[in-house]
Trainee: 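What follows is a structure written as structure tokens; I'll ask about it next.
Basis for what follows: all heavy atoms, side chains included, without hydrogens, waters or symmetry-related copies. Source: prediction; values computed, not measured. Remember, it's 1-based here, ligands and their atoms both numbered in the order they're listed.
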Amino acid sequence: MKRIALFASGSGSNAEKIADYFAGPRQADNAEVAISLVLTNNPKAGVIDRARRGFGTGLVHTPVLVFDRPTFYKTNQIVELLQNQGIDLIVLAGFMWLIPADLVRAFPNRIVNIHPALLPNYGGKGMYGHFVHEAVVAAGETESGITIHFVNEHYDEGAVIYQASCSIALTDTPEDVARKVQLLEHEHYPRVVGEVIQAL
Ligand code: GRF
């Protein structure tokens with residue numbers, strides 16, 4: 001059994017796609033994958049309700065931990081929890097806080113993130129959510145996409161695992177680009193997480 005911890009700060013649509021991907025029939029595969037824990041810094045995050053209702057399938061009833069900034073940055077509690085639960089892979093799905101160095105060191109090449117642009121462009125501090133798509137449209141880009149990458153101590157700088165792109169029409173608004181990018185996220189993130197965890 002391989003165990004995933006999902007970190008999310010917002011709606012959690014990617015977390016749900018990933019949980020649903022590993023629910024049901026896939027649990028019967030030889031290499032089982034379980035979503036052991038959902039962690040969030042945001043007590044109002046949509047991901048909490050999604051997890052409590054068992055995500056899309058109703059099959060994955062996952063404990064949720066809400067933590068605050070001092071706990072994350074000034075104690076070892078989260079690292080110890082993840083280690084005690086035997087977590088193999090940490091998946092960031094719209095998680096907005098920088099991962100502290102001790103967590104990166106405890107899970108080397110075992111933390112993945114998805115960024116809604118083609119890194120190394122449009123990444124780094126402050127480049128998240130709608131800011132990314134507004135910058136892409138303002139620059140007149142003809143394509144954008146997703147980057148799935150390992151996480152290190154710096155925002156959006158770890159080794160790239162997978163990228164997929166979409167074209168941008170001249171008339172596309174940032175909201176249009178966001179929709180195209182989200183389709184790519186939902187299509188590819190679960191499968192790529194599966195490939196990463198099977199390779200561990
Ligand atoms: C996604 O666009 C992801 O790339 C970014 O945050 C967004 C999360 O959306 N890092 P959701 O919470 O999974 O719906």
Side-chain angles (χ1 to χ4, degrees), residues 4-23 35 37-57 60 62 64-67 72 89-100 103-104 111-137 141 143-166 168 172-194 196:
I4 291 177
L6 283 169
F7 280 64
S9 302
S11 150
S13 70
N14 281 282
E16 180 156 322
K17 291 285 175 193
I18 292 164
D20 292 352
Y21 182 81
F22 292 111
I35 310 299
L37 191 60
V38 169
L39 298 100
T40 184
N41 60 301
N42 176 6
K44 296 193 173 134
V47 74
I48 297 173
D49 282 342
R50 289 184 194 264
R52 291 202 173 129
R53 65 159 197 264
F55 291 105
T57 62
V60 192
T62 313
V64 179
L65 177 75
V66 183
F67 57 85
F72 196 45
L89 186 69
I90 295 169
V91 176
L92 310 184
F95 182 64
M96 304 308 261
W97 286 359
L98 188 66
I99 299 298
L103 182 49
V104 174
I111 311 177
V112 298
N113 182 43
I114 190 162
H115 185 76
L118 296 171
L119 293 174
N121 298 326
Y122 304 103
K125 194 166 167 47
M127 271 293 170
Y128 60 89
H130 65 98
F131 295 112
V132 175
H133 308 303
E134 282 162 13
V136 164
V137 169
E141 298 286 356
E143 67 170 14
S144 190
I146 58 167
T147 304
I148 299 168
H149 62 96
F150 288 112
V151 170
N152 64 17
E153 293 91 329
H154 307 285
Y155 280 114
D156 304 325
E157 282 186 14
V160 171
I161 302 166
Y162 181 82
Q163 291 186 303
S165 60
C166 56
I168 301 177
D172 276 354
T173 63
E175 292 73 28
D176 294 326
V177 177
R179 270 189 291 276
K180 291 179 179 179
V181 167
Q182 192 186 51
L183 282 176
L184 290 177
E185 293 181 338
H186 292 173
E187 181 185 349
H188 296 289
Y189 204 17
R191 174 182 53 78
V192 173
V193 166
V196 170

Trainee: Would you mind running through ligand 1 and noting each atom that sits below 4.0 Å from a heavy atom of S13?
Mentor: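 The list of qualifying atoms is 11 (P), 12 (O), 13 (O), 14 (O).
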
Trainee: Any heavy atom of G12 sitting closer than 4.0 Å to ligand 1?
Mentor: yes

Trainee: Identify the protein heavy atom lying closest to atom 10 (N) of ligand 1, giving its residue, its atom name and the separation to 0.1 Å.
Mentor: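 Looking only at protein heavy atoms, the one closest to atom 10 (N) of ligand 1 is I114 O, 3.3 Å.
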
Trainee: Could you tell me which atoms of ligand 1, counted from 1 in the order shown, lie closer than 4.0 angstrom to a heavy atom of S11?
Mentor: 12 (O), 14 (O)

Trainee: Which residue from K17, E16, M127, E185 reaches closest to atom 4 (O) of ligand 1 through any of its heavy atoms?
Mentor: E185

Trainee: For ligand 1, is there an N or O atom under 3.5 Å from any N or O atom of A93?
Mentor: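 So ligand 1 has no N or O lying under 3.5 Å from an N or O of A93.
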
Trainee: With sequence neighbours excluded, tell me which residues meet side chain to side chain contact (heavy atoms under 4.5 Å, CB included) with F72.
Mentor: F7, F67, I78, F95, W97, I99, P100, L103

Trainee: List the residues meeting ring-ring contact (aromatic ring centres under 6.0 Å, His included) with F55, not counting sequence neighbours, and say none if there are none.
Mentor: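 So F55 forms no ring-ring contact (aromatic ring centres under 6.0 Å, His included) with any residue.
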
Trainee: Salt bridge or not between K180 and D172? Use side-chain N to carboxylate O under 4.0 Å.
Mentor: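 So K180 pairs with D172 through a salt bridge.
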
Trainee: Below 4.0 angstrom, N of the basic side chain to O of the carboxylate: do E16 and R53 qualify?
Mentor: yes

Trainee: Closer than 4.0 Å to some heavy atom of P116 - which atoms of ligand 1 meet that?
Mentor: 2 (O), 4 (O)

Trainee: Give yes or no for whether the N/O distance cutoff of 3.5 Å, strictly under, is met between H115 and ligand 1.
Mentor: no

Trainee: Please list the nearest protein heavy atom to atom 9 (O) of ligand 1 with its residue and the distance rounded to 0.1 Å.
Mentor: N14 ND2, 3.8 Å

Trainee: Using distance alone, with no hydrogens and no angle criterion, decide if H133 and S144 have a side-chain donor and acceptor under 3.5 Å apart.
Mentor: no

Trainee: Using a strict 4.0 Å threshold on nitrogen-to-oxygen distance, state whether D49 and R52 make a salt bridge.
Mentor: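 Judged by the 4.0 Å cut-off on N to carboxylate O distance, D49 and R52 do not form a salt bridge.
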
